[in-house]
Enquirer: 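Okay, here's the structure, questions in a sec.
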Amino acid sequence: MNPFEMVVAIVAITAIASVVRAKYGVVRRHKGEDILARAPDPEAERLRAEVKALKDRVAVLERLATDGSTALEREFEKLRDRD
């Protein structure tokens with residue numbers, strides 16, 4: 001293995017290790033200490049709840065679009081009562 005290949009191999013190993021550390025949330029402190037920085041993010045949880053609510057509404061709208069007119073009127077009444 002020539003020196004150029006060795007340098008490329010070292011850089012590749014370092015890059016892969018950095019990606020793995022970032023994926024698992026390992027943060028390097030001074031003097032080589034490693035800590036896990038996986039704290040629950042309240043903003044992410046709020047966004048997940050909002051996406052779930054939107055998915056539920058889209059599912060209702062899909063049902064409304066494919067049902068007959070009487071079912072459509074019933075679903076509109078349910079939605080009016082819910083809001």
Enquirer: As an exercise, state the distance from CG of Leu54 to CG of Leu61, rounded to the nearest 0.5 Å.
Expert: 10.5 Å
Enquirer: Please evaluate residues Arg57 and Val60 with respect to the criterion side-chain contact (heavy atoms from CB on, under 4.5 Å), reporting the C-alpha separation (whole Å), side-chain torsions for both, the decisive distance (0.1 Å), and the verdict.
Expert: CA-CA 5 Å; Arg57 292 189 75 165; Val60 169; 5.6 Å; no
Enquirer: Could you pull out all residues at least two apart from Lys55 that satisfy salt bridge (Lys or Arg N to Asp or Glu O under 4.0 Å)?
Expert: none
Enquirer: Just to verify, what does Glu5 make a side chain to side chain donor-acceptor pair (under 3.5 Å) with, not counting sequence neighbours?
Expert: none
Enquirer: Members other than Val8 in its cluster, when Ile, Leu, Val, Met, Phe, Trp, Tyr link by side-chain heavy atoms under 4.5 Å?
Expert: Phe4
Enquirer: How about Met6 and Asn2: do any of their side-chain heavy atoms sit closer than 4.5 Å?
Expert: no
